[in-house]
Every structure is written in structure tokens, then in C-alpha cells.
Amino acid sequence: MDSPMCLVNNADGELRVEPEAIDYLKGLKQKVVVVAVVGLYRTGKSYLMNKLAQKRNGFALGATIQSKTKGIWMWCVPHPEKTDHTLVLLDTEGLGDVEKGDAKNDAWIFSLAILLSSTLVYNSRGTIDNDAVEKLQYVNELTERIKVKSTTDNEEEGEGTQFMQFFPNFVWTVRDFTLQLEIDGGEITPDQYLENSLQLKKGYGKKINDYNVPRECIRNFFPSRKCFVFPSPTTPDNMHRLDSMDEAELSESFREVVDTFCRFIYQESRMKTVIGGHTLTGEMLGHLVTTYVETIAKGNVPCLENAVLAMAKIENQAAVDEGLAVYQKGMEDVKALFPVDINQLSENHLRSETEATQTFMKRSFKDENEEFLKALVEAIGNHSADLFKQNKDASENKCKALLENLSAQMDQGMKEGTYATPGGYELYCNHHDNIVAQYRAEPNKGVRAEEVLEQFLKGKSAESNSILQADKKLTENEKKIQAEKMKTAELEQEKEASKEKQAEMERTIENISRGQEKYLREMEEKMEEERKQQQQEFNRTLDRRMQEQKYLLEMGHKEKAELMRQEIEEIKKNNQLERDANTQNQKALLDGYKQQAEEQNKKMEALMVALNNKSQAPVHVVERGCMVM
């Protein structure tokens with residue numbers, strides 16, 4: 001992307017997605033790291049985003065008191081340090097812009113920045129004092145603007161535990177900082193400066209509560225916090241031309257902090273994930289943006305769980321389509337060779353099926369009850385059944401055409417009465433057996449070779465018998481013997497056709513068995529992968545909660561620390577209950593599939609027994625008649 005484009009438009013008090021930007025995202029298949037910047041208008045947010053994009057110009061800077069960015073603008077650039085990843089930069093409309101008149105969308109812009117990003121940069125100017133913290137008032141309203149789960153009420157979510165699992169890392173950038181970084185005469189780091197500014201006061205009462213609430217919200221919602229303090233880049237007289245100044249003209253201390261900030265964002269900002277720990281591509285991010293903005297436009301509160309489920313359905317269906325396309329492409333080469341023998345077709349089928357399933361597994365997530373995996377298996381099954389039928393038809397057509405060509409001379413002889421003479425039956429048998437010999441010598445006839453020959457011989461039976469009965473050279477006893485030979489030959493060919501079907505059935509059963517084993521293995525691996533992702537997500541949340549409890553104890557907030565301890569025990573309990581329920585559901589799902597597979601195998605085995613009995617039926621062999629075996 002050469003330059004930023006508007007992602008979410010804020011016009012006439014309404015938020016709308018820009019179709020062009022969504023189309024761009026939907027074409028982006030790489031994993032994304034999403035960095036959003038929010039803050040009061042005219043605090044220099046866009047400059048930082050341009051630096052992250054490693055461009056001098058891009059996001060509009062402006063040099064007046066007017067806010068240049070409206071809505072949310074997006075810039076997608078190759079990630080400087082993560083190969084095959086895209087860095088998505090979101091520059092948001094300045095909060096508190098007096099020209100807007102109606103500031104209700106400020107809270108929604110702030111909420112969208114949180115919902116979409118993996119790192120949230122809050123940009124302010126001056127110092128982090130009580131006024132600066134209070135200006136971050138939108139944090140206090142997050143439980144009213146965002147829901148994590150559709151079945152959870154706000155009171156439960158207000159504790160922050162569920163929010164913190166899915167909220168981005170928080171980076172506070174303080175511009176034009178002029179104070180000394182020290183406390184009680186000792187030097188401190190920017191991070192310590194931020195933590196000191198977020199310390200809670202002891203005691204009770206409205207004043208203390210009003211002071212603590214925004215700080216508790218920041219601590220609860222954003223357990224991963226970082227701070228950068230930037231000195232002024234140049235003199236006040238030069239600020240109006242900041243976007244056109246050469247880097248060398250900016251203060252060295254400012255440039256050093258900018259470089260450190262960019263390096264931190266590149267190295268520490270994680271990939272964007274959603275509930276369950278699944279990482280997003282640009283395409284999936286596009287679905288999320290659309291869902292959230294449309295929900296807000298309808299006057300509803302965005303719900304992470306609902307949005308992810310809606311996105312999962314779209315993504316999983318796309319995974320089904322992509323998997324099926326991989327299977328179809330994998331079968332194109334062998335299809336061009338039809339007819340082929342059953343082994344060649346089966347090997348291509350199994351290989352393509354494996355590639356298709358792997359493609360699906362890489363893209364799918366939150367596939368409840370393996371609904372979409374089953375859909376893929378069914379789609380592949382239908383397509384493979386059609387291919388196997390096409391191969392049979394190609395074999396049948398080739399074999400019929402071959403026999404028609406080989407028997408053309410004999411058919412002409414029938415019309416001309418060549419065999420309607422004494423001794424004509426012997427001549428007919430010679431021609432007949434020669435046709436069969438040439439037919440058998442022809443390679444690559446496919447899976448219907450014996451069955452088509454059986455049909456051909458049965459079709460010639462009346463003709464052969466007519467010539468036999470009309471041949472005055474043969475006695476009645478000789479005719480009877482020849483008729484018996486003819487019948488024996490037909491039965492032998494019927495047996496060969498049954499063997500052909502049996503071999504095809506055996507390979508079909510093998511395909512099904514290997515497919516079932518692969519399907520179960522893929523299901524188990526996918527379930528285990530999702531279990532690990534969910535546990536890692538929980539472990540991060542638990543670790544951050546325990547760090548917060550430790551802080552409260554160290555600061556003497558014993559009552560809050562005890563409440564935090566109880567909350568930690570509760571989330572441990574709920575996590576174990578959820579894990580147990582998921583394990584039971586997954587076991588039931590696997591057991592159900594195994595049972596279906598066993599029932600299917602029994603039916604196939606019954607068919608095999610029937611075919612086997614038919615192919616092994618004894619045939620009373622007499623001396624060869626009109627057929628070369």
C-alpha cells in the first residue's frame with residue numbers, strides 16, 4: 001500500500017466502513033500486527049505512525065489546531081522485522097475535537113481502536129498527571145461499549161478479567177515532556193514514571209474513589225504497559241513545518257526516543273489474535289472491522305464472541321472452498337489421463353485429500369462440532385465419487401469403442417453371410433477368439449475392461465448360437481458340446497468381471513479406511529492445537545492477574561489484594577470447568593465419528609463378502625469354446 005486509506009469514515013455523526021479499504025484487507029492473506037494510535041487531537045499522533053511506516057509522509061500531520069484525521073485511517077506495510085507479516089497502522093481521529101460538536105463517536109473510535117489492535121498507543125502531551133489520566137475517560141466506559149461474551153452481563157465483565165485476555169498491549173507516549181524523570185531525588189525510567197502515575201490511593205470516600213477508578217481501569221484492562229517520553233522535537237517556531245523538516249534538524253534526544261519507540265513496536269507488538277488465541281490475517285481483520293462497525297451503526301454494543309463466531313463462519317467456509325479447490329487441482333493431472341487403473345486413481349485421491357485437509361486445517365478455527373471439516377469431507381467425497389464415475393465411464397467408452405472397432409470385420413461378415421455355410425461356426429469362433437485376444441492385449445483400458453468384455457460376449461451369445469445351430473457340418477451332439485463350451489466361457493468371463501469389481505471394492509475400502517484414520521488424526525491434532533492456544537491465553541491472563549495482586553499487596557491495599565486473590569481462584573476454577581467440558585465434548589465428537597466409521601466399515605465388509613462369494617463360485621470347465629481366456 002503506497003499511502004494510507006480511510007478504513008472507517010466518521011461523517012454526519014455516523015461510522016461507516018470504506019469498501020475499498022475492506023477489499024484491500026480481504027486480499028491480504030498474511031498474518032497481521034495491528035498498531036493503533038489514539039489521543040487528543042493535535043498531539044502529533046500521525047507523525048509517530050509515519051515513522052512506524054518508515055515514511056516521511058503519509059498520514060496527514062497538519063500544523064493548525066484543526067484535526068486532520070477523521071474516522072480511522074489505515075496503512076498496511078511489510079513488517080520490518082517479521083517475514084511474511086503485515087504491519088497494519090491505524091491512525092484515529094483526534095479525541096476531543098471541538099469542531100465535531102457531537103463527541104459521542106469519540107468513545108466508539110476509541111473502542112474500535114482497542115477491538116482491532118494488538119498494540120494500542122495512547123498519545124498525550126505534557127505530563128502524566130491526574131488531568132491526563134482523567135482525559136482517558138473512555139477507559140471507564142469500556143464495559144458499556146464492549147462485551148466479551150454474549151451470555152455474560154456487564155457486572156461480571158466489569159472486573160476486567162475477561163477484557164484483559166483480549167485487549168491490546170498499552171503504550172503511553174508523552175510528547176513535549178519537559179520534567180526530570182526522578183522521584184525523591186532518584187532517577188526513574190519512563191515505565192516507572194507511568195506506574196507511579198497509576199498508583200492507587202489508600203482510603204475511602206468519593207474523592208479517592210474518583211481518583212482510583214480510571215487508574216484501576218487502566219491497570220485491569222491493560223496489564224501490559226509501556227511508556228515513552230519525548231522531548232520537544234524542535235523549537236515552537238518550527239513546529240508548523242515539522243513534516244517538512246529534515247531529520248537532522250530535529251533534536252538528537254527526540255530522534256533517539258523515536259528510534260527506541262519504533263524498535264519496541266517492531267519487536268514487541270504481537271500478532272493480532274481473537275478469542276481462543278487464533279491469529280488473524282488481513283482478510284479476517286476485514287471481516288472483524290465490518291462486523292464491529294455495522295453493530296455500532298445499528299445502535300448495539302460490539303461483542304467479541306459474536307464477532308469472532310461470525311468471522312469464523314465466513315473463514316471456515318472459505319477454508320472449505322479452498323480445501324476443495326486444492327483437491328480439485330490435485331486431481332486434474334490424473335483426470336487428464338482417464339481411464340486409469342483403480343490404484344493410480346486412489347493414490348492421487350488420497351494424496352490430494354490429504355493436501356486439501358491440511359489446507360483447511362491451517363485456515364479454519366472455532367469449527368464447532370467440526371461442522372465445516374465434515375462439510376469439506378462431504379464435498380471431497382461427492383467430487384471424488386464423480387471423478388471415479390467419470391473414470392469408469394471413460395473406461396467403458398474406451399472399451400466399447402475398442403471392441404466395436406475390433407469386431408467391425410466380423411459384423412460385416414455376418415451381414416454378408418460369411419458364416420452361414422457348413423463349417424461357418426469354426427470360422428466365426430476363430431474371428432471371435434482373435435477379437436478377444438486383441439482386446440486383452442490393448443493396454444490402459446481402465447476399471448471396466450472385464451465388465452465390458454462380459455457384456456460384449458453376452459451380446460454375441462445369441463449370434464454365436466444362431467450360427468452354431470445353422471452349421472450343417474456339425475452333428476447334434478457336437479452342437480451340444482459347443483453350446484456347453486460357450487456357456488462355460490461366459491461364466492468364466494462373468495467371474496473375471498466379478499474379480500475386477502472385487503478389486504475395485506477392496507481398494508475403495510482401503511481408501512475409506514485410510515481416509516478415516518487421517519480424518520481422526522487431523523481432528524485430534526486440531527483439537528490439541530486449539531487446547532494449547534486457549535491454555536496459553538489463560539496462562540497469560542493468570543500471570544498478569546497475579547502480578548496485579550502482588551502490586552496491591554506491596555502497596556498495602558490488602559482488601560483489594562484479597563478480592564483479587566478470590567478472583568484468581570474463581571478464574572482458575574472456571575477455566576478448569578471449561579477445559580473439562582471441552583474435553584468431554586471433543587471426546588463425544590471423536591467417539592461418534594469412530595462409531596459411524598465402524599458402521600460404514602461393516603457395510604463395506606458385507607458387500608465385499610457378497611462379491612467374494614460371487615467371484616469364487618465354481619465353474620464347470622469344459623474344453624475351450626469361442627473364447628481365449
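All values below come from the heavy atoms of this structure, side chains included, with hydrogens, waters and symmetry mates left out. The shown structure was predicted, so the numbers you read here are calculated from the model rather than taken from an experiment.
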Pick from Glu322, Glu283, Glu315: which one makes a salt bridge (charged side-chain N to carboxylate O under 4.0 Å, His left out) with Lys29?
Glu283
Spatial distance of atom CG (Leu15) from atom CD (Glu294) [nearest 0.5 Å]
12.0 Å
Measure across Ala36 and Ser117 and return the closest heavy-atom pair with its distance rounded to 0.1 Å.
CB-CB, 3.7 Å
Specify the closest pair of heavy atoms between Tyr211 and Ser197, including all atoms of both residues, with the distance to one decimal.
OH-O, 4.4 Å
Is the distance between the ring centroids of Tyr122 and Tyr138 under 6.0 Å?
no
Taking all heavy atoms of Phe261 and all of Val171, pick out the closest pair and write down the distance.
CE1-CG1, 4.1 Å
For Lys313, does the NZ atom have more than 12 heavy-atom neighbours from other residues, nucleotides or ligands under 6.0 Å away?
no
Is it true that the side chains of Trp75 and Ser3 contain a donor and an acceptor less than 3.5 Å apart?
no
Give the C-alpha distance, both sets of side-chain angles, the deciding distance and a yes or no for side chain to side chain contact (heavy atoms under 4.5 Å, CB included) between Cys76 and Tyr24.
CA-CA 9 Å; Cys76 300; Tyr24 184 89; 3.8 Å; yes
Please check this pair: side chain of Asp176 against backbone of Gly126, looking for a donor-acceptor N/O pair closer than 3.5 Å.
no
Quick one, Ile146 with Leu115, criterion side chain to side chain contact (heavy atoms under 4.5 Å, CB included). Give me CA distance, side-chain angles, the key distance, then yes/no.
CA-CA 8 Å; Ile146 300 172; Leu115 289 168; 3.8 Å; yes
Are Lys31 and His85 side-chain neighbours, meaning at least one heavy-atom pair lies under 4.5 Å?
yes
Chi angles and distances behind the side chain to side chain donor-acceptor pair (under 3.5 Å) call for Asn169, Arg270:
CA-CA 9 Å; Asn169 293 338; Arg270 63 181 188 268; 2.7 Å; yes
Check: Thr279 and Lys272 side chains under 4.5 Å, non-hydrogen atoms
no
Under a 3.5 Å threshold, yes or no: a donor from one side chain and an acceptor from the other, between Arg215 and Asn220?
no
Presence of salt bridge, Glu570 and Lys573, under 4.0 angstrom
no
Does any N or O in the side chain of Gln192 come within less than 3.5 Å of the main-chain N or O of Thr189, such that one atom is a donor and the other an acceptor?
yes
Side chain to side chain contact (heavy atoms under 4.5 Å, CB included) between Asn123 and Arg175, worked out:
CA-CA 7 Å; Asn123 197 62; Arg175 309 294 290 277; 3.4 Å; yes
Ion pair check, Glu195 and Arg219, cut-off under 4.0 Å:
yes
Salt bridge between Lys560 and Glu216, side-chain N to carboxylate O under 4.0 Å?
yes
Measure the CD1-CZ distance between Ile296 and Arg16 for me, rounded to the nearest 0.5 Å.
14.0 Å
Quick test of your reading: applying salt bridge (charged side-chain N to carboxylate O under 4.0 Å, His left out), list the pairs with at least one residue in residues 76-86, sequence neighbours left out, ordered by first then second residue.
none
Do we get Arg225 above Phe170's six-membered ring, with its NZ or CZ under 6.0 Å from the centre and within 45° of the axis?
no
Just checking Phe254 against Phe228, ring centres under 6.0 Å apart?
no
I'd like to check Leu28 versus Thr281 (side-chain heavy atoms, cut-off strictly below 4.5 Å). Are they in contact?
no
Could you check whether atom CD of Glu20 has more than 12 heavy atoms from other residues, nucleotides or ligands sitting under 6.0 Å from it?
no
Other residues, nucleotides and ligands only: do more than 12 of their heavy atoms fall within 6.0 Å of CG on Asp2?
no
Electrostatic pair Arg531-Glu528, nearest N-O below 4.0 angstrom
yes
Determine whether more than 12 heavy atoms belonging to other residues, nucleotides or ligands lie under 6.0 Å from atom CD of Gln267.
yes
Output the distance between atom CG (Leu7) and atom CG (Leu285), rounded to the nearest 0.5 Å.
7.5 Å
Taking Tyr292 for the side chain and Cys303 for the main chain, is one N or O donor matched with an acceptor at less than 3.5 Å?
no
Should the heavy atoms of other residues, nucleotides or ligands under 6.0 Å from CD of Glu559 be counted, would the total exceed 12?
no
Counting only N and O atoms by type, is there a donor-acceptor contact under 3.5 Å from the side chain of Tyr266 to the main-chain atoms of Leu52?
yes
I'd like to know if the side chain of Arg363 and the backbone of Thr359 have a donor-acceptor N/O pair within less than 3.5 Å.
no
Within the distance-only criterion (no hydrogens, no angle test), does the side chain of Arg255 pair as donor or acceptor with the backbone N or O of Leu250 below 3.5 angstrom?
yes
Could you check whether the rings of Phe222 and Phe167 sit parallel, tilted or perpendicular, using 30° and 60° as the cut-offs?
tilted
Quick one: are His278 and Met284 in side-chain contact, heavy atoms under 4.5 Å?
yes
When rounded to the nearest 0.5 angstrom, what is the spacing between NE2 in His557 and CD in Glu548?
9.5 Å
Do Val301 and Glu144 come close enough that some side-chain heavy atom pair is under 4.5 Å?
no
Side chains of Gln535 and Arg579, heavy atoms from C-beta outward: is any pair under 4.5 Å?
yes
Leu194 and Cys227: which non-hydrogen atoms are nearest, and at how many Å?
CB-CB, 3.7 Å
Identify the two heavy atoms, one from Met311 and one from Leu288, that lie closest to each other, and give their separation to 0.1 Å.
SD-CG, 3.7 Å
Using modelled atom types only, decide if a donor and an acceptor are shared between the side chain of Asn316 and the backbone of Phe365 within a distance under 3.5 Å.
yes
Side chains of Val257 and Val229, heavy atoms from C-beta outward: is any pair under 4.5 Å?
no
Apply salt bridge (Lys or Arg N to Asp or Glu O under 4.0 Å) to Lys51 and Glu247, showing your working.
CA-CA 11 Å; Lys51 294 301 293 183; Glu247 286 291 310; 3.4 Å; yes
Does a donor on one side chain and an acceptor on the other come within less than 3.5 Å for Glu578 and Asn574?
no
Report the C-alpha distance between Thr295 and Asn300 in whole Å, list the side-chain angles of each, state the deciding distance to 0.1 Å, and finish with yes or no for side chain to side chain donor-acceptor pair (under 3.5 Å).
CA-CA 5 Å; Thr295 301; Asn300 298 324; over 6 Å; no
Once you round to the nearest 0.5 Å, how far does CE of Met271 lie from OG of Ser118?
9.5 Å
Would you check if the side chain of Glu93 reaches a backbone N or O of Gly71 as a donor-acceptor pair within less than 3.5 Å?
yes
Distance in Å, Thr92 OG1 paired with Met74 CE, rounded so as to fall on 0.5 Å steps:
14.5 Å
Take Val33 and His79 through the side chain to side chain contact (heavy atoms under 4.5 Å, CB included) test and state the conclusion after the steps.
CA-CA 8 Å; Val33 175; His79 198 288; 3.9 Å; yes
What's the shortest heavy-atom distance between Arg145 and Pro302, and which atoms?
O-CD, 3.1 Å
Any Lys/Arg nitrogen of Lys206 or Asp210 sitting under 4.0 Å from an Asp/Glu carboxylate oxygen of the other?
yes
Less than 4.5 Å apart, any side-chain heavy atom of Thr234 and any of Glu249?
no
